[in-house]
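Single-structure report; data block below.
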2 protein chains.
Amino acid sequence: MFWGLLCKSEEASPCYNEKNIVWTSGAGLFGVNVSMTTIADIARLAGVAKSTVSRYLNGGSVGEQTMRKIERVIGETGYSPNTFAQSLKAKKTNIIGTVVPRLDSYATSKTLIGIDEKLRELNYQMFVSNTSQDLDREIESLYSLAKQKVAGIILLATKVTERHLETIQEIGIPVLLVGQQHEQIYSLIHDDFEAGKAIGRFMAKKGHKQIAYLGVSEEDIAVGVKRKQGFAGAIKEAEEVKVRYYETSFKIGDALEKVPSILEEFRPTAIVCATDNIAIGALKAAYSKGLKIPEDLSITGFGGYEITEMLNPGLTTVQFFYKEAGGMAADKIVQLVNEEEIQMLSVSDFKIIERESVDILS
Amino acid sequence: MFWGLLCKSEEASPCYNEKNIVWTSGAGLFGVNVSMTTIADIARLAGVAKSTVSRYLNGGSVGEQTMRKIERVIGETGYSPNTFAQSLKAKKTNIIGTVVPRLDSYATSKTLIGIDEKLRELNYQMFVSNTSQDLDREIESLYSLAKQKVAGIILLATKVTERHLETIQEIGIPVLLVGQQHEQIYSLIHDDFEAGKAIGRFMAKKGHKQIAYLGVSEEDIAVGVKRKQGFAGAIKEAEEVKVRYYETSFKIGDALEKVPSILEEFRPTAIVCATDNIAIGALKAAYSKGLKIPEDLSITGFGGYEITEMLNPGLTTVQFFYKEAGGMAADKIVQLVNEEEIQMLSVSDFKIIERESVDILS
DNA sequence: GGTCCGTTTGGAACCGGTTCCAAACTACGG
DNA sequence: CCGTAGTTTGGAACCGGTTCCAAACGGACC
């Protein structure tokens, strides 16, 4: 990541490339004084005015001769403009803030990587603000990022409240919601509904007639509601399939505790879990009860975490493309920053990965 | 994270708390104009000079009366100082940069969380720079963070090269190395050597006489060398234990491919893996060959990833305290920023977690 | 050669803070 | 009542860029 956007336009000519300077010439020559040279120094050394140098740097009209002189001096000194001074006047940075509820989640990590790599390509930087799943801190972060004059914000929220809306409106900075959807905010979601439907159909086709769906709180619209609704829809299409819905948290441990009672009470042939982590808990719980997977119980998840492939048996799951979605998000937020029109809602794809954790019945 | 350090000293009196202002009064009152009020406005409204307001904000000497006036005006307007203007003059921020090789690693995530939470406490912000395991980008990031005038840098490198040293010297900003150790750089490491020793003794005590050690490249001093050396040392103490050393990468998949040949060629009763991910690969590989864990083969890892508890069987492993280490790192870097003396090397603790993946022989 | 237009250039103001210095005010001892 | 020291205050310069405006320049055309 990093390296500020100096060449705002695509005009090839009077743009100088920051990288060259710091690495090639700057290093060594000036020792500890990294970028202590100012635009005034350059101007003096080149025998021109500050404004001319500034124009040169930003692609304004500069004469052939002058250009060369400035170019040379900048090359020799390893000059690199002071970001603060730039931002002070410009009142804007080339930083995109990303607000995440937690850093230790597969989905978050992958999404961040996607955002980071794409932003890098687009000459933006990513600033990550972690909220540790604290709603207040989510709002705080929005204000704080606004104060730092980030160009745009990508919000990986779990829930959008009235306060979120107010804050987003107040800060007046483009915000893109990722993973959740809201009619008043530009959103990028995974296709949770269709994914739920797909896994429902998949299980029905495999002949399961007694399925437990282990979801999460409906506060989380994407994971708690959409996936379940999609699944329920698919089940309605199928015949004679009995389903019971259960709820747990996102924590593996909670699923681990919850599952035994489900098994006893409902005796399903399959448990469809709303996340891979829940599925991992279910798997462990089933093993603890001495069940064989998939012969005695089939299990599926949602997410496509790499670890699911390495479990024994490999977990059948719905894969979402977090990294790609992150890339899309980066594209979108930059478009918003550039005041381009984009659609309110974008949807990222999914696919079912069939491994060994689901048995074929009948 | 976030919320800039406004009160540099601990003096209680003429410090105003930023949070109150943005939330309590700022919101709503000024609509979209978040922090458009400047210090000049405050000065005018309070009938004092800019310098006086500045002094008030930074804990300088201000009269009782004046204080009250300014306090009131600031409260009413929801003023919040412009960070860029501050940094422009101060040539320093309250941001700590963190350079990480990858975001999708358990160790990294947990460490970042630890850093973030501690820095928050200390009124610093964390800026994460991801390098996608690209050495050039590691150097780039150091320069870039320097340019952004971060107060200090926490470097989660996998390897320290000559270029690292040069760069660190050149940027003239305190750097703390985490997870690796270098005599010329302040370092915070996990006690890889002792951990290796501990697991070696542990396995010997369990009666294993034929152990495969599956490590990683010696380029990584901490994981590739220290853990192995510690392990080797413990084995030397024990009697009649045969060990063979193998090497793989950090990727689960590579371990998965590597392990079968080890099993055939060496027929160990146990595989000690240099990371939990490698152990996960080994576990899967063993299952694929129809082996029972731990009856047919014992497996251990390093790390203490949460997932290891959820595997079947639970993985015996050496737990490192990444989050706590992150907190320590944050403390250290802030001390360095404040020019306090700290020791060159700090060591973070570990403990062996005994689960079901190791069998007792004899 | 003069006029006009477009390009290049320099000077100065400005962004929003911090800091230095000197002036004004206060209090206290002699 | 004055001198002195200490505190409070305002003014101005400064940080390092960007931008506006007007002046200088250069070429084309009449």
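Below, chain A is the first sequence line, B the second, and so on; all start at residue 1. Because the structure is predicted, anything quoted here is derived from the model rather than measured.
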With a 4.0 Å cut-off on heavy atoms, is A:Val53 in touch with a base, just the backbone sugar-phosphate, or nothing at all? nothing
Would you call B:Glu117-B:Arg120 a salt bridge at under 4.0 Å N-O? no
Please report the C-alpha distance between A:Glu170 and A:Tyr143 in whole Å, then the side-chain angles of each, then the deciding distance to 0.1 Å, and finally whether the side-chain hydrogen bond (donor to acceptor under 3.5 Å, both in side chains) criterion is met. CA-CA 9 Å; A:Glu170 188 185 334; A:Tyr143 276 108; 2.7 Å; yes
Taking CZ from B:Arg68 and P from D:dT8, how many angstroms apart are they, rounded to a whole number? 13 Å
Check the angle between the aromatic planes of A:Phe84 and B:Phe84 and answer parallel, tilted or perpendicular using the 30° and 60° thresholds. tilted
Check this one for me: any side-chain N or O of A:Thr52 less than 4.0 Å away from OP1 or OP2 of C:dT8? no
A:Thr38 backbone acceptor or donor facing A:Asp41 side chain under 3.5 Å: yes
Every protein N/O within reach of nucleotides 20-25 of chain D N/O, cut-off under 3.5 Å:
none

Smallest separation among heavy atoms of A:Lys332 and A:Ser346, with atom names: CE-OG, 3.2 Å
Any side-chain N or O of A:Thr66 under 4.0 Å from OP1/OP2 of C:dT9? yes
Collect all protein-nucleotide pairs involving nucleotides 23-25 of chain C in which both atoms are nitrogen or oxygen and the distance is under 3.5 Å.
none

Main-chain N/O of B:Glu340 paired with B:Asn338 side-chain donor or acceptor, under 3.5 Å: no
Using a cutoff of under 3.5 Å, can you pull out all pairs of nitrogen or oxygen atoms linking the protein to nucleotides 14-16 of chain C, with atom names and distances?
from   : atom 1 : to      : atom 2 : distance (Å)
C:dC14 : O2     : A:Lys89 : NZ     : 3.1
C:dG16 : OP1    : A:Lys91 : NZ     : 3.0

Side chains of A:Gln125 and A:Ile95: closer than 4.5 Å at any heavy-atom pair? yes
Strictly below 4.0 Å: does B:Ser61 bring a side-chain N or O up to OP1 or OP2 of D:dT8? yes
Tightest non-hydrogen contact, residues A:Pro101 and A:Leu156, listed as CD-O, 2.9 Å
